[in-house]
Amino acid sequence: MSETPAVPLLDTVDPGIGRRAALAEAALIFEAIRRNGVRLAFAPQPDPDVSIVIVARDARHLLALTLFRLCASQALAGVTFEVVLVDNASAPETRALYPHLDGVTLIENDTNTGFGPACNAGAARARGRFILFLNPDVDLLPGALAAMVATFRDHAGAGIVGARLVFPGGVLQESGAGFRDDAQLTHPHGRGKADPFAPEHAATRDVGYVSGAVLMIERALFESLGGFDPLFAPAYFEDTDLCLRCHQAGRRVIVQPRATAIHYENATSARREEVEALLDRNRARFLDRHRASLFAQGPQPRGGGLLDHDPWRLRVLYVDDRVPHLDLGAGLPRANAILNAMAGLGYAVTFFPNYEADPEEARRYRDLDERIEIGYASGDDGFARLIAERRDHYDVLWVSRPHNILFVTQALHAAGLDPRGFVRSKVIFDSEALFALRDFVTEAATAGSATAADLAWQAERETRLFGLADAVVCVSPAEARVLARYSACNATVLGHALARPEAPTPGFSGRSGFVFVGALAREGQPNVDSLDWFFDNVWPLVRAALPEAVLTIVGGIAPEIRERYAQQAGVQVTGRVPLTEPYLDAARVFLAPTRFAAGIPHKVHEAVARGLPCVVTPILADQVGWADGAGFLVRDWRDPRPFAEALVVLHQDPALWDAVRDEGSRKIAADCDADAFAGAIRALCEAQVVA
């Protein structure tokens, strides 16, 4: 997607200007090292994780910068590494740097053997499990080494991992690369893009090849492939050839954007005409070897897309209000689980946030799989561009919430398309939380009655487009019944998936107090309404029975609401927290006094999964579908005293507490199994559509 954030994260400069500034800095570093007698001392590593192999041919200033940055960041690398430096007959000015190096394995060639053969010589001296081939004009940014190593652990079959390369000044050089059957043949992804954080270049993905400027490979694989082929000496296409041979060996080539590097590019190149001659010669040699495997079999990348090397992957476009994080509520934790399950199934997933997205990558990916492409929130214009750029690119369109379904269908209509004309296979609409049902319950709770005719009118209005989908999903049996009554569709219930804690959570004696979890951003929201009612009617009764009782409120909260609740006796307000688990593990009882809501309460599932019994209202019990005593006690909000008594007895009675907890654990295992959840998503996305 070509969307840009409303406020650019980076004020980039022209790469040429950036490079000149970097060269000046590099010259200053080189002179400072020599004049001040500084030694670049790399700590000895008896058993390094990574062997960094650098081939140098002059370019003394940038080589000094590269080695200085590596040495200075060694303690922060997150993995252990050694440095193997191969000098390819550099001039004396460059070799004058070498006496200032400690802990570096130095190989000095009498003649320029070429990039590939010199890399092979360095690799022969490597001791690490992984080899990182690093150009002498690269500045690895914090965490890059550890992120690349982790990719081999986290992505089965990874054979080669590359980095996101950025020109000095911030313009993107490339984030992986692919092939096209044209005169250029090789196409770096995103080259020249002013936004290095562009969503399509922020996701971890399989690519055709990665640049040899920053290329990590398992040493055993490198040796089995015979290293870089000297056919391509002195330079160019040896890295591309190695990546193709990696693919042919059944291993994956992956670009890892969490590993970012500033690449000054062509620091050691010969004259441009000599470079072009070598490129033309080696491109022909590469094509002679690989044309059949590249272009003579299998489908070509669809929709003009070159970002993903695997043309067989199922491609999904998922649309929802905002980037779905676990700490946001409002059905977004369920969307988080769906997206992560899709990535786990191997789907190529693009997430389009219609209204709001975290501008920073670290926030965007804090609890979402790094393989998911997460777009900027760009509304009408951004979605119109996506339609124009990626028609016939996606296999599945998954749209969550009725208002987004309307938005998507209108945008497609404006482009002369309907949903089935935009994607190749399946259209799935997710009702998530029907406003009709929520409004009906809200009216009944606040006014004392509600009109069935109003429910019917609004439900039919919300679901009028559902017939355009191949499948409709909803969050609970209660919503499935509403859809069956008011919409011409057969809805599939897709609730929540929860991973059970790996370690046992505390028992009764290891906990105390009460906890509430939920977003409290605006007056009138269900969570705010429920706590207002609770403090007016229930909390005084609980405090009368348990004078030392403490209630912790966890979740994003508006300042005026925080001030109101913090004045209550025995109440602690944390605001938004990175993880809710410590608070769920510390409390003895979870309370959910919801009077009106739609969807399914993820927070109740999460609490029960952590071994924390709850007290809930009938509306939540109906949404979850469990009986009283299974994970929670059910008490009607219309009678505050029994609600308070349930909180007190659950806090005081270990036998009751254990019984409720144990039955809830059995229910969670049955209803929120992650494998069954993923299987349901696979059945929805991959089932054959018969017109």
Side-chain angles (χ1 to χ4, degrees), residues 53-57 86 88-89 109 111-124 131 133-137 159-162 165 173-174 176-189 191 206-218 221-255 263 265-298 300-301 306 309-311:
V53 174
I54 301 173
V55 173
R57 167 72 175 172
V86 183
N88 247 350
N109 292 331
T111 60
N112 181 7
T113 62
F115 176 76
C119 284
N120 291 344
I131 300 174
F133 294 103
L134 187 72
N135 274 15
D137 56 353
I160 290 176
V161 176
L165 304 181
Q173 178 187 330
E174 65 184 70
F179 303 98
R180 186 183 294 163
D181 194 4
D182 58 14
Q184 183 177 328
L185 178 64
T186 54
H187 291 264
H189 299 327
R191 187 177 181 90
D206 291 68
V207 291
Y209 71 95
V210 296
S211 169
V214 184
L215 185 154
M216 184 177 286
I217 184 172
E218 284 188 306
L221 175 62
F222 185 76
E223 293 170 353
S224 71
L225 293 175
F228 289 110
D229 194 330
L231 172 71
F232 298 97
Y236 305 114
F237 278 91
E238 58 273 277
D239 51 354
T240 316
D241 171 75
L242 182 71
C243 288
L244 260 291
R245 288 188 284 126
C246 175
H247 283 301
Q248 291 159 3
R251 303 290 290 276
R252 299 164 61 191
V253 177
I254 297 174
V255 63
H263 183 208
E265 198 178 38
N266 295 329
T268 60
S269 294
R271 293 189 302 272
R272 190 64 207 174
E273 59 269 22
E274 296 176 359
V275 171
E276 293 294 340
L278 283 172
L279 284 169
D280 290 342
R281 186 199 74 176
N282 285 352
R283 183 183 294 109
R285 291 179 176 180
F286 177 84
L287 273 174
D288 285 344
R289 173 176 289 175
H290 296 294
R291 179 182 290 278
S293 63
L294 278 176
F295 304 120
Q297 58 184 342
Q300 297 308 304
L306 290 166
H309 179 69
D310 184 358

*Which residues pass the side-chain contact (heavy atoms from CB on, under 4.5 Å) test with Leu221, sequence neighbours left out?*
Ile217, Glu218, Ser224, Leu225, Cys246, Arg251
_According to side-chain contact (heavy atoms from CB on, under 4.5 Å), who are the partners of Asp182, at least two apart in sequence or on a separate chain?_
Arg180, Gln184, His187
*Could I get the full list of side chain to side chain donor-acceptor pair (under 3.5 Å) partners for Asp288, not counting sequence neighbours?*
none
*asked:* Walk me through whether Val214 and Leu134 qualify under side-chain contact (heavy atoms from CB on, under 4.5 Å).
replied: CA-CA 5 Å; Val214 184; Leu134 187 72; 3.9 Å; yes
*Only counting residues at least two apart or in another chain, list the ones meeting side chain to side chain donor-acceptor pair (under 3.5 Å) with Glu223.*
none
*CG of Leu231 to CZ of Arg281: how many Å apart, nearest 0.5 Å?*
7.5 Å
*Identify the heavy atoms of Pro188 and Gln173 that sit nearest to each other, and give their distance.*
CB-O, 4.3 Å
_Between Cys243 and Leu215, does the side-chain contact (heavy atoms from CB on, under 4.5 Å) criterion hold? Intermediate values first, please._
CA-CA 10 Å; Cys243 288; Leu215 185 154; 4.2 Å; yes
*Heavy atoms only: give me the nearest Arg57-Asn112 pair and the separation to one decimal.*
NE-ND2, 3.9 Å
*asked:* Minimum heavy-atom separation for Leu185 and Arg283, please, with both atom names.
replied: CD2-CG, 3.8 Å
*asked:* So Phe232 and Leu278, do their side chains get closer than 4.5 Å, heavy atoms only?
replied: no
*For the residue pair Val86 and Ala118, what are the closest heavy atoms and their distance?*
CG2-O, 3.6 Å
*Classify the ring geometry between Phe133 and Phe222 as parallel (under 30°), tilted (30 to 60°) or perpendicular (over 60°).*
tilted
*What residues form a side-chain contact (heavy atoms from CB on, under 4.5 Å) with Ala121, not counting sequence neighbours?*
none
*asked:* As a quick check of understanding, evaluate side-chain contact (heavy atoms from CB on, under 4.5 Å) for Glu174 and Val210, giving each step before the final call.
replied: CA-CA 9 Å; Glu174 65 184 70; Val210 296; 5.8 Å; no
_For Asn135, all residues meeting side-chain contact (heavy atoms from CB on, under 4.5 Å), sequence neighbours excluded_ = Phe115, Asp137, Val138, Ala213, His263
*Shortest non-hydrogen contact from Ser293 toward Leu244*: OG-CD1, 4.4 Å
*Listed by chain and number, what are the side chain to side chain donor-acceptor pair (under 3.5 Å) partners of Asp241, not counting sequence neighbours?*
Arg245, Arg289, His290
_Once side chain to side chain donor-acceptor pair (under 3.5 Å) is applied, do any residues pair with Asn120, and if so which ones, sequence neighbours excluded?_
none
*Derivation of the side-chain contact (heavy atoms from CB on, under 4.5 Å) call for Leu294 and Phe286*: CA-CA 11 Å; Leu294 278 176; Phe286 177 84; 3.8 Å; yes
*Do you know which two heavy atoms are closest between Val55 and Asn88, and how far apart they sit?*
CG1-ND2, 3.8 Å
_How long is the straight-line distance from CE of Met216 back to CD1 of Ile160, given to the nearest 0.5 Å?_
12.0 Å
_Residues that Tyr209 engages under ring-ring contact (aromatic ring centres under 6.0 Å, His included), provided they are two or more places apart_ = Phe179
